[in-house]
Trainee: 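Structure incoming, see below.
Computed from a predicted structure; not experimentally measured. Proteins come first, then strands; the chains are lettered A, B, ... in the order of their sequence lines, and each starts at number 1. Scope of the values below: all heavy atoms of this structure, side chains included, with no hydrogens, waters or symmetry mates.
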Number of protein chains: 2
Amino acid sequence: MKKIITQVGEKLRANEYKLTPQRQIILEVMLENKDKHLSAEDVYILVKRKAPDIGLATVYRTLELFLEHEIVHSVNFGDGRKRYEYGDSTEGHHHHHAICLRCGKILEINEDLLEELEKQVSKDYGFTVLDHELKIFGHCSECK
Amino acid sequence: MKKIITQVGEKLRANEYKLTPQRQIILEVMLENKDKHLSAEDVYILVKRKAPDIGLATVYRTLELFLEHEIVHSVNFGDGRKRYEYGDSTEGHHHHHAICLRCGKILEINEDLLEELEKQVSKDYGFTVLDHELKIFGHCSECK
DNA sequence: CTAGCTGCAAAAGATTTGCACCTCG
DNA sequence: CGAGGTGCAAATCTTTTGCAGCTAG
């Protein structure tokens, strides 16, 4: 994990940004909560435990910064808040989400069977595909 | 269109809801703007032209009511507001969206090549798929 | 040093809610 | 008539912004 923090620091510095203690702590929290789809507020609460003086605005600003630098990516489950997850969505190891409409549980789907569809779309619409996001709605094994 | 309005009226009445003039006008606007991804505010502006006395709260309440009764469905493009479109997403004629990251244009993708993936997901995760939503990000033919 | 950061509080947007009055069925 | 609807304004919730002081490099 130390290594990742150093890498991120370099990535930011290469773009004239600084790796402040606050940013480092937010990064740690994101790393400790992979696959958790944290909202800005969630991150704020977790970060507060390590650094009580941090401000909510800093969390928002940092997450947006990380988003631009593809350190995190975001998903929107339609519940009125943006959620963030560690990892670059353009690196190809993006997963999809299956959302249970009864219990609200979110499963990670790690298969990527969309290549065919992407090819089709670039052919038919002249669209260069950079990323995709798939949400599947239904009932999980426990709820049906 | 008259026919659709009557059908919706019956659907609502069957559930103890009323088809008021306001709701009817909102429905008309949705029908006249299929495939347009209107935000609540967009709908409000369009509805105002036909019925200037309508309130924004009514538009919100009505769209949520239509959503529950599967008269409209909603999409979220991550721009901080919910968008609505006429049509039931569970009927199978859902389309997908290709979003251009340069000009913001949204293309409708009408192919449905996700059946394979859905089968895979029900097999591997015991998840009953009811609906899905796919967004593709990239550059459209004009922007690349 | 100084451009970039931070915390705080205020502002901005989107959506929801309380309430007194109105209306569909 | 009465349950459900409506408009309005106020309230709520998430996210953004202005600003004076702070700090990484």
Trainee: Calculate the interatomic distance between I26(B) atom CD1 and dT6(D) atom C1'; express it in whole Å.
Mentor: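 So the CD1-C1' distance, I26(B) to dT6(D), works out to 11 Å.
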Trainee: Would one find a side-chain N or O of R13(A) under 4.0 angstrom from OP1 or OP2 of dG25(D)?
Mentor: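 Yes, within the criterion.
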Trainee: Can you tell me how far the NZ atom of K11(B) sits from the CZ atom of F66(B), to the nearest 0.5 Å?
Mentor: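 One finds 10.5 Å between NZ of K11(B) and CZ of F66(B).
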Trainee: Would you kindly check whether a donor in the side chain of R61(B) faces an acceptor in the base of dG4(D), or vice versa, at under 3.5 angstrom?
Mentor: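 There is none.
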Trainee: With the side chain of A57(B) defined as its heavy atoms from C-beta on, choose the nearest nucleotide among dT16(D), dA9(D), dT14(D).
Mentor: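 The nucleotide sitting nearest to the side chain is dA9(D).
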Trainee: Does Q22(A) place a side-chain N or O at less than 4.0 Å from the phosphate oxygens OP1/OP2 of dG7(C)?
Mentor: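 Indeed, a polar side-chain atom of Q22(A) lies that close.
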Trainee: Expressed in angstrom and rounded to an integer, what is the separation of Y84(A) atom OH from dT14(D) atom P?
Mentor: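 Interatomic distance, OH of Y84(A) to P of dT14(D): 13 Å.
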Trainee: On DNA chain C, compare the nucleotides closest to D53(A) and G80(B); which residue's is nearer the 5' end?
Mentor: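 Residue closer to the 5' terminus by nearest nucleotide: D53(A).
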Trainee: Have a look at R23(A) and say if it touches a base, only the backbone sugar-phosphate, or nothing, with a 4.0 Å heavy-atom cut-off.
Mentor: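 Sugar-phosphate only.
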Trainee: Going from OH on Y84(A) to OG1 on T62(A), what distance comes out if it is rounded to the nearest 0.5 angstrom?
Mentor: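 So the gap between those two atoms works out to 10.5 Å.
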Trainee: Starting from P on dC5(C), measure out to CG on L12(A) and report it in whole angstrom.
Mentor: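 Computing the L12(A):CG to dC5(C):P distance gives 8 Å.
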Trainee: Taking for each residue the nucleotide of DNA chain D bearing the nearest heavy atom, is the 5' side occupied by P52(B) or by K18(B)?
Mentor: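 Nearer the 5' end of the strand: K18(B).
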Trainee: Roughly how many Å is it from CG in N15(B) to P in dG25(C), rounded to a whole number?
Mentor: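 It is 14 Å, rounded to the nearest whole Å.
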Trainee: Please confirm whether the shortest side-chain N or O distance from Y60(A) to OP1 or OP2 of dT16(D) is below 4.0 Å.
Mentor: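 The answer is no; no side-chain N or O of Y60(A) sits under 4.0 Å from OP1 or OP2.
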Trainee: Could you tell me the separation between the CG atom of L56(A) and the C1' atom of dT17(D), rounded to a whole number of Å?
Mentor: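 In whole Å, dT17(D) C1' lies 13 Å from L56(A) CG.
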Trainee: Centroid-to-centroid, H69(A) to Y17(A), below 6.0 Å?
Mentor: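 Centroid separation for H69(A) and Y17(A): below 6.0 Å.
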Trainee: Decide, yes or no, whether a salt bridge links E133(B) with K135(B) under the criterion of side-chain N to carboxylate O below 4.0 Å.
Mentor: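 Between K135(B) and E133(B) there is a salt bridge, with a charged N closer than 4.0 Å to a carboxylate O.
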Trainee: May I have the distance from L65(B) (atom CG) to dC24(C) (atom C1'), rounded to whole angstrom?
Mentor: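 Nearest whole value for this atom pair: 15 Å.
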Trainee: Quick one: E16(A) CD to dG25(D) C1', roughly how many Å, whole number?
Mentor: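 Those two atoms, CD and C1', are 11 Å apart.
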Trainee: Should T20(B) be listed as having a side-chain N or O under 4.0 Å from OP1 or OP2 of dG4(D)?
Mentor: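 No, T20(B) has no side-chain N/O under 4.0 Å of OP1/OP2 on dG4(D).
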Trainee: Answer yes if the ring centres of F77(A) and H97(A) are under 6.0 angstrom apart, and no otherwise.
Mentor: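 Yes, the ring centres sit under 6.0 Å apart.
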Trainee: Would you mind reading off the distance between L38(B) atom CG and dT15(C) atom P, rounded to a whole angstrom?
Mentor: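 About 13 Å, once rounded to whole Å.
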